[in-house]
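Nothing fancy with the numbering, it's 1 onward along the sequence.
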Amino acid sequence: MAYAGVSDLRLRLGEAVFAELYPAGIAASDDLTSAAAEIDGVLGSRYAVPVTAPGALELLKDWNLTLAEERAYARSAGAAFSDKIKERVAQVRKYLEMVAADRFLLAGCTAGNSGGLPDYIVVAADEPNFTREKLGGY
């Protein structure tokens, strides 16, 4: 589920730019859905997704539009798109990292399973260097 619609993206970009970035055959909804999946991928570690809390929806809509905008410009302009867009995208991703690190909370959102923590944890570690057998004469 995208947090913003095609009409929202059209309004953000303007009609002329939208038509240039989304010629026939390219669906703006695909960019919105991909951007929402990125958002939900991060938020899912802390909240039940898709987020439906009214206090967070406007912010998520803006983030969804920003990330979709990046996808649209990157496809058409390659790496030469505006620094303003790059800066906004970097800021959105910084906020997403902060959400994942429990340093940014979305207003009114319901915590996911176990308060945002997974039901299990996998620990990988090297073999111990100092074991009872290795320290036998010390």
Side-chain angles (χ1 to χ4, degrees):
M1 174 195 120
Y3 295 101
V6 173
S7 59
D8 298 318
L9 186 57
R10 184 185 308 270
L11 187 62
R12 159 116 19 135
L13 296 172
E15 193 62 45
V17 173
F18 184 88
E20 182 181 327
L21 293 174
Y22 294 103
I26 298 178
S29 60
D30 291 346
D31 286 341
L32 289 165
T33 301
S34 295
E38 181 178 348
I39 292 168
D40 284 347
V42 174
L43 296 183
S45 67
R46 298 222 7 99
Y47 302 110
V49 293
V51 173
T52 57
L57 286 178
E58 280 302 311
L59 178 61
L60 294 177
K61 176 181 174 181
D62 183 59
W63 290 358
N64 196 177
L65 291 169
T66 299
L67 294 175
E69 194 175 10
E70 177 204 30
R71 285 163 169 73
Y73 278 107
R75 182 179 46 257
S76 67
F81 58 96
S82 166
D83 285 339
K84 284 184 178 181
I85 294 170
K86 290 178 186 177
E87 289 171 11
R88 284 200 324 256
V89 168
Q91 185 63 47
V92 167
R93 290 199 172 115
K94 180 179 174 187
Y95 283 136
L96 288 170
E97 287 175 16
M98 290 171 67
V99 168
D102 196 20
R103 295 184 330 211
F104 188 101
L105 300 175
L106 296 175
C109 289
T110 305
N113 56 355
S114 304
L117 299 175
D119 289 333
Y120 60 90
I121 186 166
V122 177
V123 177
D126 295 333
E127 289 294 319
N129 289 326
F130 304 103
T131 63
R132 194 174 300 264
E133 292 78 28
K134 289 180 182 177
L135 295 173
Y138 294 100

Novice: Tell me the closest heavy-atom pair linking Y47 and L105, and the distance in Å.
Specialist: OH-CA, 3.2 Å
Novice: Side chain to side chain contact (heavy atoms under 4.5 Å, CB included) between R10 and V6: does it pass, once the steps are laid out?
Specialist: CA-CA 6 Å; R10 184 185 308 270; V6 173; 4.3 Å; yes
Novice: Determine, using the 4.5 Å side-chain heavy-atom cutoff (strictly less than), whether M98 and V49 are members of one ILVMFWY cluster.
Specialist: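 Yes, it is one cluster - the side chains of M98 and V49 are joined through contacts under 4.5 Å.
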Novice: With D31, which residues qualify under side-chain hydrogen bond (donor to acceptor under 3.5 Å, both in side chains), at least two apart?
Specialist: Y22, R75
Novice: Kindly indicate whether the side chain of Y3, heavy atoms from C-beta on, has any atom under 4.5 Å from the side chain of L67.
Specialist: no
Novice: With rounding to the nearest 0.5 angstrom, report the CZ to NZ distance, F104 to K94.
Specialist: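 It comes to 11.0 Å.
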Novice: Rounded to the nearest 0.5 Å, what separation is found between the CD1 atom of I85 and the CD atom of E70?
Specialist: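 If we round to the nearest 0.5 Å, I85:CD1 and E70:CD are 9.0 Å apart.
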Novice: E69 and side chain to side chain contact (heavy atoms under 4.5 Å, CB included): which single residue from L32, V89, L13, N64 fits?
Specialist: L13
Novice: Please assess Y95 against L106 for the test side chain to side chain contact (heavy atoms under 4.5 Å, CB included), listing each intermediate value before the final yes or no.
Specialist: CA-CA 10 Å; Y95 283 136; L106 296 175; over 6 Å; no
Novice: Do the side chains of L9 and L11 join up, straight or via other hydrophobic residues, at under 4.5 Å, putting them in one cluster?
Specialist: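 Result: no, two separate clusters.
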Novice: Could you go through residues 50-62 and list every donor-acceptor pair under 3.5 Å that involves a side-chain atom there, pairing it with any protein atom two or more places apart or in another chain?
Specialist:
residue : atom : partner : partner atom : Å
K61     : NZ   : D8      : OD1          : 3.4
D62     : OD1  : R12     : NH2          : 2.4

Novice: Please walk me through it: do E20 and F18 pass side chain to side chain contact (heavy atoms under 4.5 Å, CB included)?
Specialist: CA-CA 5 Å; E20 182 181 327; F18 184 88; over 6 Å; no
Novice: Quick one: pull up CZ in R93 and CD1 in I39 and give me the separation to the nearest 0.5 Å.
Specialist: 9.5 Å
